[in-house]
Amino acid sequence: MRIASWNVNSLNVRLPHLQQWLRDTAPDVVGLQETKLEDQRFPDTALAELGYRSVFAGQKTYNGVALLARQPLADVQVGIPDFADEQKRVIAATIGDVRVVNLYVVNGQDLGTDKYAYKLRWLEAVHGWLADEIQRHPRLVVMGDFNIAPDERDVFDPVKWGDQHILTSLAERDALRRLYALGLHDAFRLHNDEAGIYSWWDYRMGGLRRNLGLRIDLTLVSDALRAEASASGIDREPRTWERPSDHAPAWVKLER
DNA sequence: ATGGTGGGCAACCCA
């Protein structure tokens, strides 16, 4: 089973890319972020033609998440339980015998802003929820646009992107480490230890051409799935296509 | 330090 996470930055614009990429790579499960579509506009029929069922939680203009799968999606949950949030950032479902959580983590803008405080509050709520979820569902995958680069290997300029910068600050990385402490592992780092492999490049200043990127799109696998995670990576190709998302898909392969 | 680009949507907000 191959599971991928992709921030498409508007599914309306990126549907042709998603269709091409599904044809090319045929993943079993896909989590999408930043669909920016109200639910009545979600292209579920077009995706069904490619063999994917879909569940989604969207809104106009901002945010929006979805899960696609070849198998049925059961026990669908939208949002974090007992955490009031207008923003559509979370969708979870059971696919086969794996519980899959798809997150669009708050960006946070800059340290000291209201958005940064919201990001840390939001991550704390996710932590509390996942602590329960992993008990209910030991076979757990948590994927998404985390808007956190785990360590210095995951940023093009570790001096700039350090303790005091958004996406790499101490408090953000602490929040990510607290998720790891639940028994969740960054699948990419189970199979790759090199620096300079990124999932996001700024549209500006020739970010992709100069490989000025960050690895902020992650797939975490639980202890119970760790031995089954046989490969992982980031598919840079769609980022090179015309009018791309600024993110590339991050994927993990689970045996059986 | 600033601003560059892109999406949504029609003036700025968000990333």
Side-chain angles (χ1 to χ4, degrees), chain A residues 5-21 30-43 46 56-66 79 85-91 102-123 126 143-150 154-169 171-173 175-176 198-218 234 236-250:
Chain A
S5 173
W6 193 7
N7 180 322
V8 291
N9 187 20
S10 169
L11 185 52
N12 188 41
V13 171
R14 230 65 68 191
L15 179 61
H17 281 198
L18 177 61
Q19 289 170 309
Q20 187 61 50
W21 180 74
V30 183
L32 302 176
Q33 305 89 32
E34 284 203 271
T35 55
K36 301 184 178 179
L37 284 178
E38 291 179 295
D39 288 347
Q40 65 267 26
R41 294 183 61 207
F42 193 88
F56 37 89
Q59 65 188 92
K60 201 172 170 179
T61 309
Y62 303 120
N63 308 310
V65 285
D85 194 353
E86 302 283 299
Q87 304 190 11
K88 302 297 191 200
R89 296 180 173 278
V90 176
I91 192 164
N102 178 28
L103 304 178
Y104 175 44
V105 175
V106 177
N107 174 285
Q109 191 178 36
D110 273 310
L111 275 64
T113 63
D114 289 349
K115 288 175 188 171
Y116 184 73
Y118 167 51
K119 181 176 196 172
L120 296 180
R121 250 195 345 270
W122 191 94
L123 285 165
V126 166
M143 69 159 97
D145 176 356
F146 277 72
N147 271 317
I148 303 171
D154 304 310
V155 303
F156 67 91
D157 181 352
V159 174
K160 175 182 174 188
W161 297 86
D163 292 352
Q164 299 301 316
H165 203 286
I166 194 66
L167 311 190
T168 54
S169 72
E172 291 167 85
R173 283 174 165 168
L176 183 58
Y198 305 130
S199 67
W200 172 88
W201 300 262
D202 202 305
Y203 285 122
R204 298 166 285 191
M205 308 292 288
L208 180 71
R209 177 175 52 80
R210 299 156 68 199
N211 199 32
L212 306 181
L214 305 175
R215 192 174 67 88
I216 54 177
D217 299 273
L218 312 177
I234 294 166
R236 185 186 164 107
E237 199 197 321
R239 184 64 178 79
T240 70
W241 295 346
E242 191 177 345
R243 205 181 178 191
S245 169
D246 45 354
H247 295 252

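This is a predicted model, so every value here is computed, not measured. In what follows, chains carry the letters A, B, and so on, assigned in the order in which the sequence lines appear, proteins first and then strands, with residues in each chain numbered from 1. Side-chain atoms are counted along with the backbone in the values below, which use heavy atoms only and exclude waters and symmetry mates.
In this structure, A:Arg14 reaches the B:dG7 phosphate: one of its side-chain N or O atoms is under 4.0 Å from OP1 or OP2. Put simply, A:Arg243 has a side-chain N or O that comes within less than 4.0 Å of OP1 or OP2 on B:dG7.
DNA chain B is contacted by both A:His247 and A:Thr61; A:Thr61 maps to the nucleotide lying nearer its 5′ end (nearest heavy atom per residue). Where A:Asn147 and A:Lys60 meet DNA chain B, the nucleotide closest to each residue was compared, and A:Lys60 sits on the side nearer the 5' end.
Distance A:Leu214 CG to B:dA15 C1': 12 Å, rounded to the nearest Å. A:Gln33 has its CD atom 14 Å from the C1' atom of B:dA15, to the nearest Å. One atom, OH of A:Tyr62, and another, P of B:dC12, lie 13 Å apart when rounded to the nearest Å. Between the NZ atom of A:Lys36 and the C1' atom of B:dG7 there is a distance of 4 Å, rounded to whole Å. Going from atom CZ of A:Arg41 over to atom P of B:dG7 covers 14 Å, rounded to whole Å. In this structure, CG of A:Leu15 is placed 15 Å from P of B:dG7, rounded to the nearest angstrom. In this structure, the CG atom of A:Asp202 is 17 Å from the P atom of B:dT2, given to the nearest Å. Rounded to an integer number of Å, the gap from A:Gln59 CD to B:dG7 C1' is 14 Å.
For A:Lys88, there are no salt bridge (charged side-chain N to carboxylate O under 4.0 Å, His left out) partners at least two apart in sequence or on another chain. Remark: A:Asp202 pairs with A:Arg204 by the salt bridge (charged side-chain N to carboxylate O under 4.0 Å, His left out) rule, at least two apart or across chains. Shown here are the salt bridge (charged side-chain N to carboxylate O under 4.0 Å, His left out) partners of A:Arg89, two or more places apart in sequence or in another chain: there are none.
The one candidate from A:Trp200, A:Tyr198, A:Trp201 that meets the side chain to side chain contact (heavy atoms under 4.5 Å, CB included) condition with A:Leu208 is A:Trp201.
Between the P atoms of B:dC13 and B:dA1, the separation comes to 23 Å (whole Å). Across the P atoms, B:dG6 and B:dT2 are found 23 Å apart, a figure rounded to whole Å.
Between the side chain of A:Thr35 and the main chain of A:Val8, no donor-acceptor pair closer than 3.5 Å is present.
Under the side chain to side chain donor-acceptor pair (under 3.5 Å) criterion, the residue pairs touching residues 10-20 of chain A are A:Gln20-A:Asp24, with sequence neighbours excluded.
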For a quick test of your reading: what N or O donor-acceptor pairs under 3.5 Å do the side chains of residues 160-168 of chain A make, sequence neighbours left out?
| residue | atom | partner | partner atom | Å |
| --- | --- | --- | --- | --- |
| A:Thr168 | OG1 | A:Gly162 | N | 3.3 |
| A:Thr168 | OG1 | A:Gly162 | O | 2.8 |
| A:Thr168 | OG1 | A:His165 | O | 3.3 |

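Taking every heavy atom of residues 103-116 of chain A and every atom of DNA chain B, pairs under 4.0 Å involve A:Tyr104, A:Asn107, A:Lys115, by number.
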